[in-house]
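Taking it in order: structure first as structure tokens, then the write-up.
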Number of protein chains: 2
Amino acid sequence: MRTFVAAADAGQFQEAAAALSITQQAVSKRIATLEKDLEVRLFTRTARGARLTIDGQAFLPHARELLRVAERADASIRPGRRALRVDVVNRRTAPAVLLQDFHRAHPDIELDVVTLSLDAYVDAAIAAVEAGTIDATFRAVPPRQHVPDGIRTDHVINESHELLVGPRHPFANARAVAPAQLTGHRIWMPGLDDRGEVTDYYDELVAAFGLRIDVVGPVFGNETLLDEIADSADLATLVGESSRYLWPDSYDLRRIPIRNPTLIYPMSLIWRDDNPHPALNKFRDYLDSRRPDPTDAGVWMPTWDRRAV
Amino acid sequence: MRTFVAAADAGQFQEAAAALSITQQAVSKRIATLEKDLEVRLFTRTARGARLTIDGQAFLPHARELLRVAERADASIRPGRRALRVDVVNRRTAPAVLLQDFHRAHPDIELDVVTLSLDAYVDAAIAAVEAGTIDATFRAVPPRQHVPDGIRTDHVINESHELLVGPRHPFANARAVAPAQLTGHRIWMPGLDDRGEVTDYYDELVAAFGLRIDVVGPVFGNETLLDEIADSADLATLVGESSRYLWPDSYDLRRIPIRNPTLIYPMSLIWRDDNPHPALNKFRDYLDSRRPDPTDAGVWMPTWDRRAV
DNA sequence: TACCCGTACAACATTTCGTTGTGGCTCGCT
DNA sequence: AGCGAGCCACAACGAAATGTTGTACGGGTA
């Protein structure tokens with residue numbers, strides 16, 4: 001591909017060969033092989049060079065695109081020059097929205113959004129940051145969480161919860177609900193088991209408001225969950241407010257804000273203080289510009305104190 | 001790349017090897033080479049297979065994208081299965097807009113928009129259609145134009161002209177102008193020389209309204225032209241209405257509609273009747289749904305009768 | 001502890017790839 | 001018209017790569 005593009009740009013094989021530091025014959029051979037593989041003539045050879053055929057013209061932009069993608073693929077992992085790699089717990093939460101917005105604001109900055117395998121507790125994520133395999137991660141950082149030297153955390157997101165219900169649910173037409181009203185109602189959050197700080201959060205939430213959260217059943221994927229909730233008259237689930245920007249509205253589901261108090265899930269950015277990646281500072285600046293309001297009244301946040309459970 | 005993706009999907013080299021019809025050792029070698037080239041470990045080898053590292057996870061989507069692009073590149077020219085290839089005279093005219101819209105309406109249909117070299121008259125374009133190197137082209141087809149058997153034409157576009165002027169031009173603030181008002185004004189259309197039916201059109205236009213069209217000077221590119229017009233108090237040029245959807249508004253240029261009569265440039269789609277490409281019919285259906293109004297009053301169209309000049 | 005499964009390493013055969021050498025074609029100059 | 005310059009294709013050879021078979025190593029598991 002590189003040879004094809006070089007030859008197309010140069011208009012002749014000889015010059016392309018020079019640019020690639022190989023012989024003209026090698027270029028000729030490469031192009032011939034490509035033409036044989038594609039079963040199409042790409043150049044018309046003349047005495048004064050080689051001009052693209054129609055097929056060649058049609059192929060050229062694809063070839064360039066391929067080289068661009070290859071370049072980006074390489075840049076995404078080559079140590080020392082790779083894209084900024086940020087971990088999010090999952091792609092339907094506030095950090096993902098934030099990263100999308102950041103990308104819109106700075107399209108030139110290469111980003112890689114990864115999701116560490118599901119058994120990653122804060123500790124595992126912090127270890128990954130420390131090891132340098134990821135540049136940053138968004139996590140809830142309980143006060144008692146041990147943070148090694150050289151690792152910094154910054155509380156940059158307050159994600160508030162909404163109740164997601166189907167049209168037949170008692171709260172389907174409510175403008176808002178208070179956590180106290182949820183007492184006795186079933187809240188279904190499959191897959192919410194054994195996940196470190198996340199379960200700690202919901203344990204504390206349950207204890208604080210007398211909620212009933214079911215975690216039964218395996219996770220068959222998001223569509224199944226939404227389907228069941230849409231059909232049910234008593235199932236509900238909690239989702240982050242940001243997910244409204246990430247889901248299609250295809251199901252007949254209602255999002256009911258939760259008020260008095262609002263249920264906040266706090267998240268911090270975690271990164272290595274000595275990470276020299278230039279994009280990291282830009283990302284932190286961006287987060288700074290959207291920092292959540294200082295906690296005010298009407299808001300519930302976890303204490304993350306095990307004794308509260 | 002294919003091997004990497006296969007191994008990532010399979011979770012083990014052995015199975016990937018089977019899928020690729022090579023030995024496990026070959027897969028191992030390929031992955032090892034890739035890792036060496038990238039200077040990054042992509043898999044952690046375990047006794048029960050190979051799992052992606054963080055780096056591998058970050059790389060995977062890029063690898064998939066590369067394969068997709070390669071697939072599309074191949075599809076764009078492989079005879080018998082290639083994308084629908086449509087020629088437009090240049091990428092700033094109505095056909096280009098139409099193709100964009102069509103692509104939005106049918107994102108699944110692969111399109112290749114090409115531009116035949118500039119010396120291509122209708123005859124050359126028709127020959128290209130006949131030879132099958134392009135599936136269709138948009139051209140003005142004068143009534144006297146010879147069209148071979150098996151080639152069909154359909155008048156699907158009426159592009160109306162607008163006058164493009166800088167802020168100091170006398171018409172800069174006009175809501176509209178009539179062709180008669182343009183008598184004596186300089187209209188600059190560099191590059192408009194020796195272009196077959198296109199020049200015929202403007203020749204007839206000049207004769208009909210006593211216009212003065214300058215074609216002096218080489219074409220240095222669009223930016224230069226726009227620059228000069230923006231700066232000049234008496235230069236103007238004619239552009240198609242559709243170009244408003246294709247140009248940025250970065251220059252301080254005014255588009256003045258031309259009325260009484262509107263100046264129409266008619267264009268037809270030209271294709272081979274026996275072209276079996278499935279996308280061709282869909283494209284024609286689409287064009288049908290946007291067919292221009294039957295010519296009504298207040299419109300000027302060329303007769304393309306040489307004697308009129 | 002003995003296997004089973006999966007990966008890595010080694011040696012060898014085969015294919016691919018790049019180089020040098022050469023011929024043929026076309027354009028432009030004399 | 002003849003000749004030289006410039007460019008591409010084909011042939012032959014050596015080097016590098018790639019794939020295969022054979023084998024060793026290591027971690028789960030019965």
Side-chain angles (χ1 to χ4, degrees), chain A residues 1-57 59-60 63 66-67 70 73-74 77 117-119 124 133, chain B residues 1-57 59-60 63 66-67 70 73-74 77 117-119:
Chain A
M1 285 297 190
R2 217 178 294 285
T3 307
F4 168 71
V5 171
D9 287 343
Q12 61 178 55
F13 291 4
Q14 205 114 249
E15 197 181 317
L20 299 169
S21 306
I22 55 176
T23 60
Q24 164 267 317
Q25 287 87 335
V27 172
S28 174
K29 236 184 202 178
R30 284 183 180 180
I31 302 290
T33 312
L34 184 61
E35 288 179 329
K36 208 185 81 195
D37 287 349
L38 296 170
E39 301 171 29
V40 148
R41 196 143 201 81
L42 296 171
F43 289 95
T44 57
R45 279 75 161 170
T46 77
R48 219 174 29 268
R51 267 206 320 283
L52 286 173
T53 61
I54 307 284
D55 288 302
Q57 290 173 38
F59 192 59
L60 183 56
L66 193 81
L67 296 183
D74 189 74
I77 56 160
S117 48
L118 283 171
D119 57 349
T133 47
Chain B
M1 284 297 191
R2 217 177 293 286
T3 307
F4 168 71
V5 171
D9 286 345
Q12 59 178 58
F13 291 5
Q14 204 114 248
E15 197 181 317
L20 298 169
S21 306
I22 56 175
T23 60
Q24 164 268 316
Q25 288 87 335
V27 171
S28 175
K29 236 186 203 179
R30 284 183 180 180
I31 301 290
T33 317
L34 184 60
E35 289 180 329
K36 208 185 78 192
D37 287 349
L38 296 170
E39 299 171 30
V40 148
R41 196 143 202 83
L42 295 171
F43 290 95
T44 56
R45 280 75 161 169
T46 76
R48 218 173 32 266
R51 267 206 320 283
L52 285 173
T53 61
I54 308 283
D55 288 302
Q57 291 173 38
F59 193 60
L60 183 56
L66 194 82
L67 296 183
D74 189 74
I77 56 161
S117 50
L118 283 171
D119 57 350

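Throughout, a chain's letter reflects where its sequence line sits, starting with A, and its residues are numbered from 1.
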Excluding sequence neighbours, so at least two apart, what forms side chain to side chain contact (heavy atoms under 4.5 Å, CB included) with B:T23?
B:Q25, B:A26
Which residues pass the side chain to side chain contact (heavy atoms under 4.5 Å, CB included) test with A:R51, sequence neighbours left out?
A:T44, A:T46
Strictly distance-based, threshold 3.5 Å: is any side-chain N or O of A:E35 a donor or acceptor partner for the main-chain N or O of A:F43?
yes
Under 4.0 Å between a side-chain N/O of [X] and OP1 or OP2 of [N], yes or no?
X: B:S28; N: C:dT7; result: no
X: B:R48; N: C:dT7; result: no
X: A:T23; N: C:dT19; result: yes
X: A:R30; N: C:dT16; result: no

Heavy-atom nearest nucleotide on DNA chain D taken for A:Q24 and for B:T46; more 5' hit belongs to A:Q24
Under 3.5 Å, is there a donor-acceptor pair between the B:T3 and B:R30 side chains?
yes
Given [options], which nucleotide is nearest the side-chain atoms of [X]?
X: A:R45; options: D:dG19, C:dT7, D:dA9; result: D:dA9
X: B:Q25; options: D:dG22, C:dT26, D:dA9; result: D:dG22
X: B:A26; options: D:dT20, C:dC17, C:dG28; result: D:dT20

d(NZ, A:K29; P, D:dG14) in whole Å:
14 Å
Of A:I22 and B:F13, whose closest DNA chain C nucleotide lies nearer the 5' terminus?
B:F13
Once you apply a heavy-atom cut-off of 4.0 Å, does B:Q12 come out as touching a base, just sugar-phosphate, or nothing?
sugar-phosphate
